[in-house]
Amino acid sequence: MTTHSADRLSPASPGPEGRDGNGPHRAPSAKRRFTFPSAFSVLIAVTVAVWALTFVIPAGRYDTENGSPVPGTYHPVEVTTGFWERLKDLFLAPVNGLYGVTDPESALTAPGGSGEFAGAAGVFLFILAVGAFITVTLRTGALTLGVARLAHRLQGHRTLLLVVLVTLFSVGGTTYGMAEETLGFYGLMIPLMLKLGYDRMVAATVILVGAGVGTLASTVNPFATGVASDSAGIGTGDGIGLRLAMWVCLTALAAAYVVRYARRIHADPTRSLAPVAEEDALRVSEDEEPAGLTGRQRFVLWTFAGTFLFMIFAVVPWTDLGISFLPTLGWYFPELAALFIVAAIAVGLISGLGEKGTAAAITSGAGDFIGAAMIVMLARGVTVIMNNAAVTDTILSSLHSVVSGASSGVFAGLVFLVNIPLAFFVPSSSGHAALAMPILAPLADFAGVGRALVVTAYQSASGWVNLITPTSAVVMGGLALAKVPYDRYLRFMAPLMGALLVIIVGFVALGAALY
């Protein structure tokens with residue numbers, strides 16, 4: 001299409017004389033289409049909004065015992081800091097979110113609060129380490145070629161592969177709360193899905209929806225079900241039958257939903273919700289037979305796959321799952337970050353990149369992933385603001401008053417609903433459980449409902465919200481890695497979120513009738 005010179009001029013700029021001699025041409029004013037803000041802008045807006053609400057929400061605390069709030073002990077606390085000190089809290093929130101501490105000098109950090117929480121530094125470094133590892137592996141050429149060969153062989157089994165992948169991530173979510181660990185799989189899943197003729201949305205949702213639905217329907221997840229059951233004074237296995245049935249049903253729904261979208265965009269790529277990145281155009285044709293792998297490339301791929309498998313083994317609490325013949329390493333993000341850095345060095349040297357090539361690839365890879373790491377830091381900053389303002393317990397106390405005195409059926413639904421806003425402000429499932437369960441669980445006794453149902457309602461609400469909440473580092477970090485805009489992801493998730501909500505309420509109501 002030819003672009004005329006006058007069309008390139010702004011409306012306020014003088015153009016050349018028209019052919020009719022009546023004065024300068026002016027470019028027609030183009031309608032500007034609304035562009036949804038980036039993940040950074042969304043999180044900054046949420047941070048400022050939460051900070052503004054702290055001026056309205058009264059500060060208060062529960063007394064704590066072993067880190068959990070004691071029912072009936074909520075009391076207001078005095079706010080002594082001025083506007084400028086609280087403005088300082090706003091600007092320091094992302095930094096303090098990285099280190100996992102609230103401002104020790106803030107007068108809003110009331111007695112009884114821990115004054116600290118799990119910071120984002122470990123996850124931050126983990127993401128950079130994964131970026132370094134993936135970039136080193138890509139520069140060897142082994143990963144690109146290996147994915148191309150795998151995709152070529154699976155051309156006739158795309159649907160089965162998607163179902164298996166969603167189920168595997170869901171198993172990780174329901175057993176040990178697979179969350180931030182999923183950030184390490186995007187580098188593998190994106191090229192695989194693109195080679196199969198899908199888009200980046202499929203790659204992102206296989207991970208996010210799979211692991212998210214599994215965590216939503218946690219069966220023995222020690223970070224959600226375990227912490228909540230302990231806080232409620234019951235065993236982790238209490239109510240597992242209902243949760244297992246929920247997991248099977250919701251995982252099947254999630255897999256079917258992802259497969260339906262994948263088939264649609266495979267048949268018609270123009271219906272894709274995910275934008276095409278520049279590097280996506282470089283993929284090999286699906287019908288082209290890829291070249292064979294060399295022995296060195298095979299060794300690199302085995303190292304690549306083995307690193308991810310060992311990561312899963314290192315984080316699963318095998319003893320909590322009743323598996324005594326496997327050792328529980330209890331690794332967390334510092335150890336995992338070290339694992340990927342060591343693996344990156346090993347892959348670089350094995351492949352022949354050399355010392356300089358390996359170092360350059362590690363630096364470049366960490367730089368490519370810095371955006372996702374910063375999003376994680378911003379998400380944790382919201383929690384810092386709430387901790388410094390001492391409003392989390394106030395919100396919890398208000399929710400407690402909503403569910404008091406309801407009948408068993410209504411109570412079950414209300415417990416689920418009141419946990420939804422709390423899950424937004426406290427995206428950590430274990431932190432949410434430690435806050436809510438000591439308050440909500442005793443209410444079940446008065447409503448004639450088993451405490452296990454309260455645990456199921458809490459974790460369902462937490463998991464449902466954490467599928468889309470912008471305060472979740474897993475969601476925003478994953479979308480940044482996949483290069484999928486947040487608004488496109490919300491469009492994809494809207495029908496699924498509605499279906500999940502209806503089914504969850506149905507299961508909770510069934511649980512109230514059975515227990």
Side-chain angles (χ1 to χ4, degrees), residues 123-154 161 165 168-169 180-196 198 200 203-204 206-207 277-284 290-315 331 333 335-373 477-478 480-483:
V123 182
F124 189 94
L125 294 174
F126 170 72
I127 293 174
L128 298 186
V130 170
F133 175 63
I134 291 173
T135 299
V136 170
T137 307
L138 284 172
R139 290 198 179 181
T140 68
L143 182 60
T144 303
L145 184 56
V147 168
R149 291 182 61 82
L150 178 62
H152 186 77
R153 292 183 179 183
L154 294 175
L161 177 64
L165 288 172
L168 287 176
F169 281 110
E180 283 90 349
E181 300 90 337
T182 60
L183 297 174
F185 288 93
Y186 285 88
L188 178 63
M189 204 58 57
I190 291 171
L192 176 59
M193 292 300 119
L194 293 177
K195 290 294 183 182
L196 289 173
Y198 301 134
R200 288 174 173 268
V206 160
I207 300 173
E278 182 179 352
E279 59 267 29
D280 296 350
L282 302 179
R283 26 179 194 148
V284 183
L293 292 165
T294 66
R296 179 175 284 185
Q297 288 173 327
R298 291 178 184 273
F299 193 79
V300 167
L301 289 180
W302 279 111
T303 303
F304 184 83
T307 302
F308 283 102
L309 290 174
F310 186 79
M311 178 190 74
I312 296 172
F313 170 78
V315 299
W331 281 23
F333 293 108
E335 293 89 349
L336 295 177
L339 168 67
F340 279 100
I341 289 295
V342 171
I345 295 172
V347 166
L349 297 179
I350 291 170
S351 64
L353 290 180
E355 179 269 330
K356 291 185 177 180
T358 301
I362 289 174
T363 304
S364 175
D368 291 341
F369 279 59
I370 190 68
L481 291 173
K483 297 182 179 179

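Both backbone and side-chain heavy atoms feed into the values below; hydrogens, waters and symmetry mates do not.
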Legend entry - Non-neighbouring partners of Thr363 that pass side chain to side chain donor-acceptor pair (under 3.5 Å), sequence neighbours left out: none
Legend entry - Separation of Ile341 CD1 from Leu336 CG (nearest 0.5 Å): 12.0 Å
Legend entry - Any residue meeting side chain to side chain contact (heavy atoms under 4.5 Å, CB included) with Ala314, in chain and number order, not counting sequence neighbours: Phe310, Leu329, Trp331
Legend entry - Where Phe133 and Ala343 come nearest, the two heavy atoms and their spacing: CE1-CB, 3.5 Å
Inset, instruction - Please name all residues satisfying side chain to side chain contact (heavy atoms under 4.5 Å, CB included) with Thr358, sequence neighbours left out, ordered by chain then number. - result: Leu349, Leu353, Ile362
Inset, instruction - Quick one: which residue pairs count as a side-chain hydrogen bond (donor to acceptor under 3.5 Å, both in side chains) with a foot in residues 297-310, not counting sequence neighbours? - result: Thr294-Gln297
Inset, instruction - Keeping the roles fixed (side chain from Thr135, backbone from Ala132), state whether a donor-acceptor pair exists under 3.5 Å. - result: no
Legend entry - Minimal non-hydrogen separation, Ala129 against Ala337, with atom names: CB-O, 3.4 Å
Inset, instruction - Determine whether the side chains of Ser364 and Arg139 contain a donor N or O and an acceptor N or O closer than 3.5 Å. - result: yes
Legend entry - Shortest non-hydrogen separation from Ser351 to Val300 and the atoms involved: CB-CG2, 4.0 Å
Legend entry - Side chain proximity check, Phe304 to Leu309, heavy atoms < 4.5 angstrom: no
Taking only distance into account, with no hydrogens and no angle test, what donor-acceptor pairs under 3.5 Å do side-chain atoms of residues 185-192 form with protein atoms, sequence neighbours excluded?
none

Inset, instruction - With rounding to the nearest 0.5 Å, note down the distance linking CZ in Phe340 to CG in Leu125. - result: 13.5 Å
Legend entry - Over all atoms of both residues, closest heavy-atom pair of Leu194 and Arg200: CD2-N, 4.2 Å
